[in-house]
**Q** 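Next up is a structure, given as structure tokens.
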Amino acid sequence: MYIVVDLNRCQGYAQCVFLAPKVFELHGEEALMYLTRVPEDQQDPVRRAVAACPVQAITVGGAAGAGN
Amino acid sequence: MPGTDRPGRIVVVGASLAGLRAAEALRDNGFTGELTLVGEEDRPPYDRPPLSKAVLLGRVRAADVTLPARRAVDARWRLGVRAEGVDLTHRTVLLAGGERLPYDRLLIATGTRARPWPHPGEAALHGVLALRTAADAALLSGLLDAGPRRVLVIGAGFTGSEIASACRGRGLDVTVVERGPAPLVGALGGTLGAFAAALQRAHGVDLRCGVTVTSLQGRDGRLVGAELSDGGRIEADVAVVCLGAVRNTEWLDGSGLAAGPRGLACDAGCRAFDMYGIVTDDVFVAGDVARFPHPLFEYQLLSLEHWGNAVAQAEVAAHNMISEGPRRRPHLAVPAFWSSQFGLNIKSVGVPTFSDRVVIAQGSPAERRLVAVYGYRGRVTAAVSVNRAKSLEYYERLIESAAPFPPDPATTDRTVAPTPVPSDVPDPRQLSHGPTVALTGHLPDRRGLALVRRES
Ligand SMILES: Cc1cc2nc3c(=O)[nH]c(=O)nc-3n(C[C@H](O)[C@H](O)[C@H](O)COP(=O)(O)OP(=O)(O)OC[C@H]3O[C@@H](n4cnc5c(N)ncnc54)[C@H](O)[C@@H]3O)c2cc1C
Ligand code: SF4
């Protein structure tokens with residue numbers, strides 16, 4: 001599972017950081033940095049982060065272009 | 001489902017962010033015909049912004065920046081294959097190797113590449129590289145892991161500044177050489193340029209402005225140092241060439257499309273122009289390779305290199321590729337981008353280079369939190385925030401509504417109205433450039449155009 005965050009839309013509310021701290025972190029006060037590939041044991045926390053993001057900036061999914 | 005007025009075969013050339021998002025949008029919008037994506041890189045679409053940030057900091061591997069699929073796309077992926085030309089008359093794309101792919105509608109999303117170091121011999125030295133692809137980022141990460149004595153960054157635009165930031169984050173010595181008076185000045189103008197210069201120096205970057213690198217020196221095929229135009233010399237075993245991007249349009253030379261060094265020109269509905277300036281109805285363009293007119297910016301043809309523009313324009317192009325006349329949509333998104341460097345979140349809306357004055361409406365450089373608002377001929381045209389992203393939405397509304405500049409002081413956090421200063425950006429009238437063409441022929445039905453030269 002891979003992640004991309006639309007950082008134009010992201011407002012740095014940091015809900016994702018609270019829900020999946022092993023994947024999302026703030027670099028400084030409001031620059032979001034994240035693991036682009038989700039570790040196996042982080043899929044549930046990441047799904048919760050996707051649902052909680054107030055501006056729906058997070059997209060997750062399988063690798064694009066593969067197996068389609 | 002928004003029905004497709006136009007079935008048939010669609011070919012997308014360029015299988016990166018814009019190509020992928022267009023393919024997904026085509027299927028979202030009910031396109032059921034044949035879809036083929038052609039991409040020169042041999043890996044599936046991936047995300048470039050992390051390459052100069054999380055990847056160089058060692059947080060993410062370059063192999064892991066693959067883009068997630070928003071949905072399944074029933075398509076043929078022709079990866080590792082370069083398109084070498086288009087035949088508009090017979091509606092075919094010529095692939096390397098000689099194969100011809102027929103299309104009913106074509107989307108061109110070939111983006112940009114890094115401008116190479118001008119001296120091929122010096123560029124070939126071990127330790128000299130540019131950063132555009134995941135392969136470049138993997139190479140650069142490896143070089144940084146090896147603990148170079150010093151990294152030289154040539155050019156202090158966004159990519160160069162982010163690389164310098166990552167080097168300092170890893171405790172590496174870094175020299176940044178910038179021809180202009182300050183970092184980021186070409187994109188954000190003088191006020192934020194001065195801020196960026198102070199920021200870099202505070203983080204221990206050896207920043208040299210108003211200077212160029214005149215030569216790179218090697219020993220046994222490896223970079224050892226560089227000479228500067230001010231007579232200075234730097235010892236470095238890594239040099240990253242950050243001299244901006246070149247549009248991938250050469251493959252369209254001779255196609256009859258309005259393609260040049262600033263991109264492929266199109267209308268607000270993403271339909272490409274041919275070289276006469278006549279709009280085509282079956283060739284579309286999206287992403288970094290597109291030059292498009294934006295009504296908010298006097299219909300000048302903008303060439304943007306923004307992630308958000310690639311996504312938004314790809315969606316409009318996809319919609320219009322399968323919709324007839326009045327159901328087509330214009331690409332009117334207000335341009336926006338972000339950058340993170342030295343622990344700060346920099347975000348922009350509008351077009352900062354489309355300005356004559358700038359004012360710091362909130363915060364201050366000293367606090368490292370601010371919003372700079374840009375105006376052109378008395379209206380708001382852009383805003384850039386540093387660690388104040390939540391304010392930007394408000395300024396986006398001002399840009400959309402052509403609100404007067406300077407903005408009403410009641411909406412800033414000032415007790416007295418702040419004083420605008422010249423924005424010191426490159427002349428906004430120079431946003432548009434194209435290849436030089438000459439009219440040929442005399443009889444009215446024989447008038448034609450010939451490409452005189454490419455410009456860059
Ligand atoms: C290091 C880096 C950091 C960035 N950071 C940010 C950021 O922080 N914020 C932001 O807003 N934007 C950022 N960007 C810009 C953003 O990544 C681009 O705007 C985006 O990638 C544009 O997508 P695109 O699909 O139009 O073009 P590209 O991503 O350039 O993709 C074009 C694709 O077409 C392929 N291609 C080219 N010619 C041919 C051909 N003839 N035949 C077949 N295939 C071809 C190329 O190989 C490439 O894969 C960054 C870019 C880089 C390189
Ligand atoms: S929850 Fe959403 S808005 Fe908040 S930091 Fe995460 S991605 Fe950004």
Side-chain angles (χ1 to χ4, degrees), chain A, chain B residues 15 17 19-21 23-24 27 37 39 43-47 49-50 53-55 57 59-61 63-77 79 169 306-309 311-312 336-349 368-369 385 387-390 392-393:
Chain A
M1 190 159 87
Y2 293 90
I3 301 181
V4 66
V5 179
D6 180 343
L7 290 170
N8 288 318
R9 207 182 282 181
C10 167
Q11 299 282 313
Y13 287 112
Q15 271 88 335
C16 56
V17 180
F18 295 121
L19 290 166
K22 290 189 176 144
V23 175
F24 300 95
E25 62 174 319
L26 285 183
H27 198 64
E29 272 171 57
E30 59 170 51
L32 184 70
M33 197 156 336
Y34 56 94
L35 299 183
T36 51
R37 181 185 184 153
V38 184
E40 282 301 314
D41 62 345
Q42 291 297 308
Q43 304 210 348
D44 287 339
V46 165
R47 285 204 179 87
R48 283 195 285 276
V50 172
C53 173
V55 290
Q56 299 187 347
I58 311 171
T59 302
V60 295
N68 291 315
Chain B
L17 182 63
L20 170 67
R21 294 303 184 225
E24 291 173 340
R27 294 303 189 205
L37 287 101
R43 59 177 280 180
Y46 60 85
D47 205 33
K53 307 174 186 77
V55 171
L57 284 168
R59 306 276 224 291
V60 166
R61 294 188 319 144
D64 287 343
V65 295
T66 304
L67 278 165
R70 271 207 309 106
R71 57 161 293 140
V73 179
D74 176 20
R76 284 195 301 153
W77 293 81
L79 300 180
H306 303 166
W307 189 96
N309 183 63
V311 171
F337 67 88
W338 77 91
S339 166
S340 61
Q341 45 185 282
F342 304 102
L344 299 182
N345 187 27
I346 302 176
K347 293 182 81 165
S348 167
V349 290
R368 291 192 181 164
R369 272 165 80 78
S385 70
N387 276 13
R388 258 189 122 139
K390 290 186 184 72
L392 272 198
E393 217 177 297

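Here is how names work: the chains are called A, B, and so on, in the same order as the sequence lines, proteins then strands, and each is numbered from 1.
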**Q** So, taking the atom named CG in A:Leu7 and the one named CD1 in A:Ile58, what distance separates them when rounded to the nearest 0.5 Å?
**A** 9.5 Å
**Q** Report which part of B:Leu20 has an atom under 4.5 Å of a heavy atom belonging to chain A: side chain, backbone, both, or neither.
**A** side chain
**Q** Tell me which of these, B:Trp338, B:Phe337, B:Trp307, has more heavy-atom pairs under 4.5 Å with chain A than the rest.
**A** B:Trp338
**Q** With only heavy atoms counted, which part of B:Asp47 is less than 4.5 Å from chain A, the side chain, the backbone, both or neither?
**A** side chain
**Q** Does the A:Tyr13 side chain pair with the main chain of A:Pro54, one donor and one acceptor, at a distance under 3.5 Å?
**A** no
**Q** Within the 4.5 Å heavy-atom criterion, are A:Leu35 and A:Gln42 side-chain neighbours or not?
**A** no
**Q** For A:Val4, is it the side chain, the backbone, both, or neither that has a heavy atom closer than 4.5 Å to a heavy atom of chain B?
**A** both
**Q** With only heavy atoms counted, which part of B:Arg368 is less than 4.5 Å from chain A, the side chain, the backbone, both or neither?
**A** neither
**Q** What option among B:Val349, B:Val55, B:Leu344, B:Leu67 has the most heavy-atom pairs under 4.5 Å with chain A?
**A** B:Leu67
**Q** So what's closer than 4.5 Å to chain A heavy atoms on B:Val60: side chain, backbone, both or neither?
**A** side chain
**Q** What part of B:Leu57 gets closer than 4.5 Å to chain A, counting heavy atoms only: side chain, backbone, both or neither?
**A** side chain
**Q** For A:Gln56, does its backbone N or O pair with a side-chain atom of A:Arg9 as donor and acceptor, under 3.5 Å?
**A** yes
**Q** Treating B:Ser339 as the side-chain partner and B:Ile346 as the backbone partner, does any N or O pair qualify as donor plus acceptor under 3.5 Å?
**A** no
**Q** Taking B:Asn387 for the side chain and B:Asn345 for the main chain, is one N or O donor matched with an acceptor at less than 3.5 Å?
**A** yes
**Q** Of all of B:Lys390, B:Gln341, B:Arg43, which one pairs up most often with chain A through heavy atoms under 4.5 Å apart?
**A** B:Lys390
**Q** Would you check if the side chain of B:Glu24 reaches a backbone N or O of B:Arg70 as a donor-acceptor pair within less than 3.5 Å?
**A** yes
